[in-house]
Amino acid sequence: MKKQKQHLDSETKVTAFWGTGASGATAFALEQARQLALAGRKTLLIDHDLVDPSLMVYLAIDNYPSGLQAGLRLASQQRLTPANVNDLLVPSDDFSNLSFLAGLPTEGRFRSLELDSVEAFLEILRSWFDELVIDMGGLITESLNPHAFGLQKQIISLSDYVYGVFRADPEGIAKLFWLPVQGELVANNYRPGSLGSGGKKGLKSVIADMTGSPLAGIAEDDDELVLAISKALAVGQVSKRSQISQLVASLVENRL
C-alpha cells in the first residue's frame, strides 16, 4: 500500500458505485474507501442510496447524525463549513483518515433534494477530502422516477470513476440489461459453470456486446463477505485474499 500512497494523484477524486439490487455495491464502496484510506488518502464514504440506504446498517452504527440530508441543505444555503461538516460525519474506529456520511433518514425523502445542492455539496467536499467514495445503491431509470434519475445522473457526471456492480447470474444480468448502464462494470458472485461453458470470457463478451460498457473485473463467490458483514467490517479487514478485496485493489492499482 505504500507504493499507492506515493503514486496516487494528489488531486481529489470522486468514485461512485451503483448496483442492480443486492449486488454488493455497498461492500465494494466500503472496501474502496478502506483501501484508499490505507494508501494515506483522507477519504469520505457517502451513502447516496436514494431508496434503501444501508451503510449504517452494514457498519452496525445505531446513533448517527442526519448526514446527507443536512449536508445538502447546508450546501444549498452556502452554510456548510469545516466545523459543521464534522458534526455530520461518523469517524471510522479503525482508520483515522476515513469517515462516513449516513444516507437519507426516510424512504422518499429524496423528493425534497434539489439537483443544484448535489453539485454544490460535492464541490465543497472536494476541497476538504482527498477521496470521495459514493455508494449510489440501485440505479433508477428515468421512466420509474425522473427526479431520482436526475439526482443520480448528477452524481455520475461529477464522478471521476463510475462502477456498476451486478450479480454474475442470469437474474443479475437480466436486471443489468434493463438499466441505463453508466461507467465500467464489475461482476460479483460469479460461480464457475453457472453461466455455461463460456465462463468468464463468455461473460465479458456478452456484457460488452449488450451494454457497450467494459467489464472491469469479476469477483467469484466471496465467503469472507458473510463474515465481514457479521462483524460490521470491510471485507478486506477480514481477509486480504477476499475476492472483493483483490478486485478493488486492482481498480485502485489501475489509477496509478
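Model, not experiment: these values are computed from the prediction.
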Do [X] and [Y] have side chains that approach each other closer than 4.5 Å (heavy atoms only, starting at C-beta)?
X      : Y      : value
Ile46  : Leu122 : yes
Phe95  : Leu38  : yes
Val118 : Leu113 : no

salt_bridge(Lys231, Glu224) N-O dist < 4.0 Å: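 Not counted as a salt bridge, because no side-chain N and carboxylate O are separated by less than 4.0 Å.
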Electrostatic pair Arg126-Asp160, nearest N-O below 4.0 angstrom: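 Salt bridge: yes.
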Looking at [X] and [Y], what are the two nearest heavy atoms and their distance?
X      : Y      : value
Asp49  : Gly137 : OD2-CA, 3.4 Å
Arg34  : Leu98  : CA-CD2, 4.4 Å
Ser239 : Ser245 : O-CB, 4.1 Å
Gly236 : Glu31  : N-OE1, 2.8 Å
Gly138 : Gln152 : O-NE2, 3.0 Å
Leu104 : Pro53  : O-CG, 3.4 Å

How many angstroms lie between [atom1] in [X] and [atom2] in [Y], if you round to the nearest 0.5 Å?
X      : Y      : atom1 : atom2 : answer
Leu185 : Phe166 : CG    : CZ    : 6.0 Å
Trp18  : Ser159 : CH2   : OG    : 13.0 Å
Leu89  : Phe100 : CG    : CZ    : 10.5 Å
Ser23  : Phe17  : OG    : CZ    : 11.0 Å
His48  : Phe121 : NE2   : CZ    : 8.5 Å
Leu59  : Asp62  : CG    : CG    : 11.0 Å

In one Ile/Leu/Val/Met/Phe/Trp/Tyr side-chain cluster, 4.5 Å: Leu139, Met210: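 Shared cluster, yes.
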For Val248, the option from Gln35, Glu253, Gln243 that meets side chain to side chain contact (heavy atoms under 4.5 Å, CB included):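 Among Gln35, Glu253, Gln243, the one meeting side chain to side chain contact (heavy atoms under 4.5 Å, CB included) with Val248 is Gln35.
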Passing candidate, side chain to side chain contact (heavy atoms under 4.5 Å, CB included) with Leu45, options Leu132, Ile134, Val133: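 Filter result, single survivor: Val133.
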Other residues, nucleotides, ligands: >12 heavy atoms within 6.0 Å of Phe149 CZ: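 Check passes, neighbour count above 12.
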Worked verdict on Leu251 versus Leu247 for side-chain contact (heavy atoms from CB on, under 4.5 Å): CA-CA 6 Å; Leu251 298 181; Leu247 201 161; 3.9 Å; yes
Contact list for residues 127-154, test salt bridge (Lys or Arg N to Asp or Glu O under 4.0 Å), sequence neighbours left out: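 Qualifying pairs: Arg41-Glu131, Glu131-Arg255.
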Shared-cluster residues of Val238, by chain and number - hydrophobic side chains joined below 4.5 Å: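 Leu227, Leu233, listed by chain and number.
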Side-chain donor-acceptor contacts of residues 175-184 below 3.5 Å, not counting sequence neighbours, with atom names and distances?
none

